[in-house]
Amino acid sequence: MTDVGEFASQGIAAVSAAIDEGRLLPSALTERCLSLAERQDGRVRAFITRMPESARAEAMAADERARTGRRLGPLDGIPLAVKDVLATAGVRTTAGSRVLADFVPEDDCPVVRRLREVGAVIVGKTNMHEFAYGVTSDNPYYGAVANPAYPDRIAGGSSGGSAAAVAGGMALGAIGTDTGGSIRIPAAVCGLWGLKPTHGLLPAEGVIPQAWSLDHVGPMARSPEDLRLMIAPWLQDSGAHDSKVLAVPADLLDSADADTRRAFDRFVRRIAPVVTLREISLPDRAAAHAAWLTILLAESAAYHAATLRQAPGTIGADIRPFLLAGSLIGAERYLAAQRFRGEWVRRLRDALDGADGFLHPTLPGAPPQQGASGMRINGQMVPLREALVRFQWPANLSGWPALSFPMEPAGKDGPPFSVMLTGRPLSEHGLLTIARRLAVED
Amino acid sequence: MIASEIGARLGYTATEEELAVVAELLDALSALPVPEHESKPATGYDPVAAIRRAPAGGHD
């Protein structure tokens with residue numbers, strides 16, 4: 001047997017091949033992840049609940065299937081972590097809140113159920129921003145998630161624990177959720193690949209919502225190959241993608257800082273021989289952002305209405321004002337936002353004018369330092385939440401798939417700049433194929 | 001105004017800090033166009049057709 005750590009660093013596809021060939025046992029791999037979690041998690045706080053006993057049992061069952069040639073697919077025996085908004089039978093599901101601290105679901109949500117059906121080993125429930133309502137994963141009840149890859153930077157949020165678990169080797173992949181960037185932001189600041197799939201591709205049933213019609217469930221991992229394997233239970237790769245034309249929304253780039261624009265320019269120059277790039281403008285950005293925010297605030301306030309009335313003090317102070325604002329939005333404005341949304345998606349499709357997707361930096365600046373409350377962009381201090389969400393919400397409002405990946409290797413001063421590629425509905429495998437061509441190996 | 005609305009809806013007394021954030025958020029929503037009149041409601045419900053279908057003196 002080769003060293004387990006050597007395999008794990010190669011990602012899910014390599015590990016799965018090694019299991020197939022009898023060179024690695026799922027139980028050895030799982031033990032390594034559990035041991036790394038045991039050693040690091042006092043400092044990283046990636047998990048709210050670790051699940052070593054059930055993980056060991058699942059891994060031993062996977063060992064047996066591997067020994068007898070009955071593997072259930074490439075995820076069989078692969079240690080994965082899931083954000084603590086996904087319901088897990090018999091294991092508490094807190095959504096990073098005090099309100100749900102003792103909530104133990106009776107059933108797995110469909111995403112967890114499907115992962116177990118294909119043999120994945122669930123190693124734990126990951127830490128997050130309370131009720132997924134923030135970008136730092138600085139959780140008042142379960143601790144602030146640290147970034148194992150770049151310790152001086154925030155881990156991002158709201159799926160910060162999922163990113164930290166993968167970056168710290170405590171899982172080979174993780175599931176997060178994304179309502180305004182909560183998969184892509186932590187993936188970017190931890191140097192990972194994060195995919196917010198088409199709305200509804202991974203079902204949100206049994207997932208504690210932030211805002212139903214904007215919530216997306218999706219994977220984070222170290223490579224596009226790993227992401228491809230993680231979405232395969234829901235979307236098989238048809239193999240039919242040969243995308244050559246991408247759009248760049250020039251107006252968005254004006255909202256990024258100078259270093260990020262320079263990094264993106266270098267990226268564009270490097271990929272120019274590989275794809276044709278066309279400049280576009282995203283339509284009606286101000287109105288579309290207002291529509292996204294209206295829907296977000298109203299839907300989350302509706303979900304939390306009873307708690308707001310009965311026990312508002314049990315909701316964290318940093319998210320309470322958002323829920324209060326949402327409670328003041330009437331049906332007329334909410335419906336206006338949903339109507340505008342449909343029209344805006346049509347305009348977005350027209351703006352692409354035949355391009356297969358659009359590219360821009362994932363974040364408007366370098367990943368923020370731990371403890372930062374804002375980002376300085378073009379001489380202006382922008383509150384952290386507003387800055388990090390700035391490029392994210394269009395993919396939540398449209399429901400289109402969006403992939404964040406490192407656009408160049410990390411420099412000596414910090415994490416890599418990441419780029420986001422947004423495509424048409426159900427083009428996930430195509431996006432991963434293009435991104436593999438555009439990305440460079442670190 | 002915002003404080004009294006929150007009080008009326010939720011029975012909650014918001015702090016000054018919370019009210020400042022709420023005001024900022026509500027201000028950010030003002031870019032959303034809210035049409036005063038629409039020729040066809042997005043629900044697909046057509047009140048004229050409903051009246052025509054209804055029996056005399058009845059309701060749809």
Side-chain angles (χ1 to χ4, degrees), chain A residues 133-134 283-298 300-302 304-344 347 383 385-386 389-390 393 397, chain B:
Chain A
Y133 227 125
D284 304 305
R285 265 171 67 203
H289 176 264
W292 169 78
L293 188 58
T294 300
I295 295 166
L296 171 73
L297 295 175
S300 54
H304 293 285
T307 312
L308 268 181
R309 279 194 208 95
Q310 292 157 17
T314 57
I315 293 174
D318 73 323
I319 70 169
R320 201 182 307 130
F322 289 82
L323 302 178
L324 295 175
S327 72
L328 301 181
I329 295 172
E332 183 191 6
R333 288 201 72 84
Y334 175 76
L335 289 170
Q338 290 287 16
R339 289 174 195 171
F340 178 86
R341 180 183 195 176
E343 179 53 35
W344 182 76
R347 285 182 220 164
R385 186 190 303 259
E386 188 186 326
V389 167
R390 183 170 276 185
W393 59 264
L397 191 66
Chain B
M1 172 69 175
I2 292 175
S4 60
E5 248 191 278
I6 290 173
R9 280 171 193 257
L10 303 170
Y12 178 74
T13 307
T15 66
E16 287 300 317
E17 277 177 357
E18 286 172 339
L19 291 173
V21 178
V22 171
E24 206 175 306
L25 286 167
L26 295 179
D27 189 46
L29 306 184
S30 61
L32 175 70
V34 181
E36 279 185 31
H37 303 288
E38 286 184 283
S39 56
K40 182 169 171 40
T43 56
Y45 179 73
D46 183 342
V48 177
I51 290 165
R52 285 190 184 135
R53 278 200 308 272
H59 301 280
D60 185 79

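Lettering follows sequence order; numbering is per chain, from 1.
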**Student:** At a heavy-atom separation under 4.5 Å, does A:L335 approach chain B through its side chain, its backbone, both, or neither?
**Tutor:**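 It is neither, since no heavy atom gets under 4.5 Å.
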**Student:** Please table the atom pairs, donor to acceptor, closer than 3.5 Å between any side-chain atom in residues 310-328 of chain A and protein atoms at least two apart or in another chain.
**Tutor:**
from: A:T314; atom 1: OG1; to: A:A311; atom 2: O; distance (Å): 2.6
from: A:D318; atom 1: OD2; to: A:H129; atom 2: NE2; distance (Å): 3.0
from: A:R320; atom 1: NE; to: A:P312; atom 2: O; distance (Å): 3.1
from: A:R320; atom 1: NE; to: A:I315; atom 2: O; distance (Å): 3.4
from: A:R320; atom 1: NH1; to: B:Y12; atom 2: OH; distance (Å): 3.1
from: A:R320; atom 1: NH1; to: B:E18; atom 2: OE2; distance (Å): 2.7
from: A:R320; atom 1: NH2; to: A:I315; atom 2: O; distance (Å): 3.0
from: A:S327; atom 1: OG; to: A:L324; atom 2: O; distance (Å): 2.6

**Student:** Does CD belonging to B:E5 count more than 12 external heavy atoms closer than 6.0 Å?
**Tutor:** yes
**Student:** Side chain from CB out, backbone as N, CA, C, O: work out which of these in B:S30 comes under 4.5 Å of a heavy atom of chain A, or both, or neither.
**Tutor:** backbone
**Student:** Just verifying a value: how many Å separate B:L25 CG and A:L297 CG, rounded to the nearest 0.5 Å?
**Tutor:**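 Rounded to the nearest 0.5 Å, the CG-CG separation comes out at 5.5 Å.
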**Student:** Give me the atom names and distance for the closest heavy-atom approach of A:A336 to B:P33.
**Tutor:**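 Here A:A336 and B:P33 meet closest at CB-O, 4.2 Å.
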**Student:** Which residues pass the side-chain hydrogen bond (donor to acceptor under 3.5 Å, both in side chains) test with A:T294, not counting sequence neighbours?
**Tutor:** none
**Student:** Using non-hydrogen atoms and a 4.5 Å limit, figure out which bit of B:L26 sits close to chain A: side chain, backbone, both or neither.
**Tutor:**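 Just the side chain, heavy atoms under 4.5 Å.
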**Student:** Can you tell me how far the CG atom of B:L32 sits from the CZ atom of A:R339, to the nearest 0.5 Å?
**Tutor:** 11.0 Å
